[in-house]
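Notes follow once the structure below has been shown.
Please read these numbers as outputs of a predicted model, since none were measured by experiment. Count residues from 1 along the sequence.
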Amino acid sequence: MARLFTPSGRTALTRLGCLVAVLATVGLLPWLSGRDPALTVLRARSAEQEGTPEALAAIRADLGLDTGPLSLLGSWVSGLPRADLGTSWVSGTDVLPSVAAGLQVSLALMGAALAVALLVTCALVAPVLVRGRGSAGAFAAMLAALPEFLLATVALLVCGVWLGCLPTSGWQGPRYMVLPALALGVPAGGLLGRLVADALPAVLEERWVELWQGAGVSRARVTAAALRRVLPPLVPQFGMVAVGLTGGAVAVETVFAVPGIGRTALGAAKSQDLPLLQGAVLALLALGLVTGATAAAVRRRLLGPALRDAGLTLPAARPVRAHPAVPAALGAVLLTGIAWGLLRDPYTVDTAARLRAPSWAYPLGTDGLGRDVLARLGHGAASTVGTAVAVCLAGLLLALALGFLPSLAAGASDIANALPPVIVGILVAAVAGPGTGGAALAVALISWPPLAAHAAALVQEVRASTFLLTQRAIGASPLWILTRHVLPSVAAPVTRHALLRLPGIALALASLGFLGLGAQPPAPEWGLLLDESRAYVERAPWAALAPAVALALLAGLAVSAASYAEGGRPGRGTPPRTRRPLVPAPFRRLHKEPTR
C-alpha cells in the first residue's frame, strides 16, 4: 500500500485513471453523438438498405445496444484478459487482426518518418556544433510549420505524378513509405532540430569544453558529451514525436491511402464501429505508455546518480537573438498581407474568375469558386491565429502548473499525447458539433503534453541542482527559491518551446478543418483554404501556397521574436557564470579541476 504513495505509484495511478476515462468516453461515442448508432451501422453495412424500424430493431438486438453503454463497455473489458477485442459491428470480423495490421503499418511508417526527422535534426544541429554558437532558429521553425497534408499532396504530385518515380497510394512495400515518411518527417525534424539547437549554445560555452579542447580531446568526444548534457530534458519530446508520427498521421494516411492505425480509427469513428474504435484507441494508448516509460528510463540513464544525489549543475539558458531585421521583416510581410486582405471581400463568388493567376486585381489569385485568396487569407487570420494563440497560452499555463506535479504530468501526458487530434475532434464534435470552438477545444485537450513533459523534466533537474542545494543551505525560503530561481529557469525555455509549437497548433486546427471537423464552409479559415485548394493544387498552386507561406511566416516570427520577448539574457534562476559546470559523467577522468 505504501508504494502507491511513491512518485512512481502516483504516476501509475494517474495513467490508469486517464486510461479508464478515455476508454469510457470512447465507449459513449454512439450515445454522445445524438445519432442512432443502429442507423449509422446499417448505412456502413449497406448504403442501399432502407432503415425500417424492423431492420433497426434487429441491429440493436444483434449489437446489444438496448443494454446500454455500461453493459457494452463491461463486456468489452471482460474480453481483454483473453486478448479478445470483440467483433466489428460493420464487417463482423474479429477486431484484433485489423488493429494489429493497422498498428504494424503505422509503426513501419513511424520508423521511416523518424529516420527522416533525425536526418533533418542532424542537419539543423550540425552548424551549431561546427560554429560553436547557435542561431535564432527561424528556418527550423518554418520547417516545423509545413502542413503535413499539403507537403504530402505536393510530394504526391511531383514525385508520383510528374516524375512517376514513386507510388502514390497503397502499402505494398518499402517504396510505398518514402513519400509519406518525407511528409511526416520533415516537419518533425524541424521541431526536434530547433529544440536541440536551442539548448546547445549554452553548453558549448561552458568551461569544460574549452579545457577538453585544450587537452586535445577529439571533436567527436566533445560533441558526444555536449549532446549527452543537452538531451535529458528533451528525451520525452523525442518519444512524444514518435507517438505522434504513429497515431497523428491520419491526414497523411488519408492522402496516400495508407491502411494505418490512425486511418483505421478514423473510419471506425465515422461508422460508429465501437469495438474497432476502442481497439484502435487502446493500441495507441498502449504505445504511448510504452514509449513514455522508455523515454523516462533513457532520461534517468543519461542523468545517472546526479539526479538522485542533487548533484546537477544546469547550463545557463542563453537564447540566441535574431537580427532585429528578421522578426521585423517577417512581421511586416505577414501583417501587411493580413491588413490588405481585410480591406477586400472574402465571400464574393465569381465563377468567371475561377483559378486566376496572381494579378493586380487579385494579388494572390483566386480559388475554385473565383473568390479572392488574399481576402480569404486576411479575414481568416483572426480565427486561425487568434484561436491558435489562445490554445497555445492555455497549454503553456497548464504545462507550467503540471510541471510542479511531475507524477501527475507524466501519467496524464502519456495518455493525452497518444490520442490523435482527429479522434479527440470526433469526440468533441459528437457533443458540441463541428466548428471552430469544438476544434479549439479538441486541440487544447491534446496540445499540452509536450510542454508539460518539458516543464516537469526541467523542474526535476532544477530541484536536483547543486545551486539550489546551496540556496537552501544559506536559509533561502521555499517561496523565494520557487519564484526567484525555479520558475524563471523553467518558464523561459518552456515559453520558447510553446512559441515553437504555435504554428503546429494552427496546423492541428487546420488538419481538423481538412477532415471536416473544424470550421465549416464558407468560413475563410486557413485550414479550409488548404483543404479547398488541395483538389486543384496542380493547376493553381498559389491558392495552397498562400496559407502555407502565412503559417511559415508565423512560425519564423514567433521563434525569432521569442528571445526578445524573454529579454535575451539568462534567466534569473540560472546559476552564475562563475560556477563550474558539471562534466558529463563518462568523461570526468579527463577533467580534474584544482580545488579552490
Side-chain angles (χ1 to χ4, degrees), residues 102 104-126 139-197 237-238 240-263 420-422 500-501 503-504 506-508 510-511 514-515 527 530-531 533-535 537-538 541 544-545 547-549 551-552 555:
Q104 182 179 5
V105 170
S106 290
L107 287 176
L109 179 58
M110 179 267 284
L114 195 58
V116 173
L118 292 177
L119 289 176
V120 174
T121 300
C122 293
L124 294 173
V125 172
F139 177 70
M142 290 181 179
L143 285 182
L146 286 175
E148 294 172 346
F149 49 87
L150 179 62
L151 194 59
T153 303
V154 173
L156 185 149
L157 286 174
V158 174
C159 299
V161 178
W162 295 348
L163 300 179
C165 57
L166 291 169
T168 59
S169 64
W171 189 264
Q172 300 177 16
R175 296 179 68 246
Y176 286 78
M177 72 172 64
V178 175
L179 295 181
L182 286 173
L184 290 170
V186 171
L191 173 65
L192 295 176
R194 176 56 192 154
L195 289 175
V196 177
Q237 305 303 317
F238 281 79
M240 289 185 171
V241 166
V243 174
L245 291 174
T246 306
V250 180
V252 173
E253 290 178 357
T254 301
V255 171
F256 291 103
V258 176
I261 190 68
R263 190 161 170 250
V422 64
L500 181 60
R501 287 192 176 269
L507 285 180
S511 298
F514 171 80
L515 296 168
L530 288 167
D531 180 33
S533 62
R534 190 173 60 90
V537 68
E538 185 176 6
L545 286 176
V549 171
L551 285 168

Could you tell me which non-hydrogen atom of Val258 sits nearest to which non-hydrogen atom of Pro180, and how far apart they are?
CG2-CG, 4.3 Å
Taking Arg263 for the side chain and Gly102 for the main chain, is one N or O donor matched with an acceptor at less than 3.5 Å?
no
Shortest non-hydrogen pair, Leu184 vs Pro187, comes out as O-CD, 3.6 Å
Closest heavy-atom pair, Trp171 versus Ala108, reported as atoms and distance to 0.1 Å, is CZ2-CB, 3.9 Å
Straight-line distance of Glu253 CD to Leu109 CG, nearest 0.5 Å:
6.5 Å
From the list Val105, Leu245, Ile261, Val241, side-chain contact (heavy atoms from CB on, under 4.5 Å) partner of Met110 resolves to Leu245
Please report the interatomic distance CG(Leu119) to CG(Leu124), rounded to the nearest 0.5 Å.
11.0 Å
pair Tyr176-Leu166: side-chain heavy atoms closer than 4.5 Å
no
Please name the pair of heavy atoms, one in Ala242 and one in Leu114, separated by the smallest distance, quoted to 0.1 Å.
CB-CD2, 4.3 Å
Considering non-hydrogen atoms only, spot the tightest contact between Ala112 and Met177 and give its length.
CB-SD, 3.4 Å
Does Ser106 reach the main-chain N or O of Gly260 with its side chain, forming a donor-acceptor pair under 3.5 Å?
no
Heavy-atom pair with the smallest gap, counting every atom of Cys159 and Leu179
CB-CD2, 3.7 Å
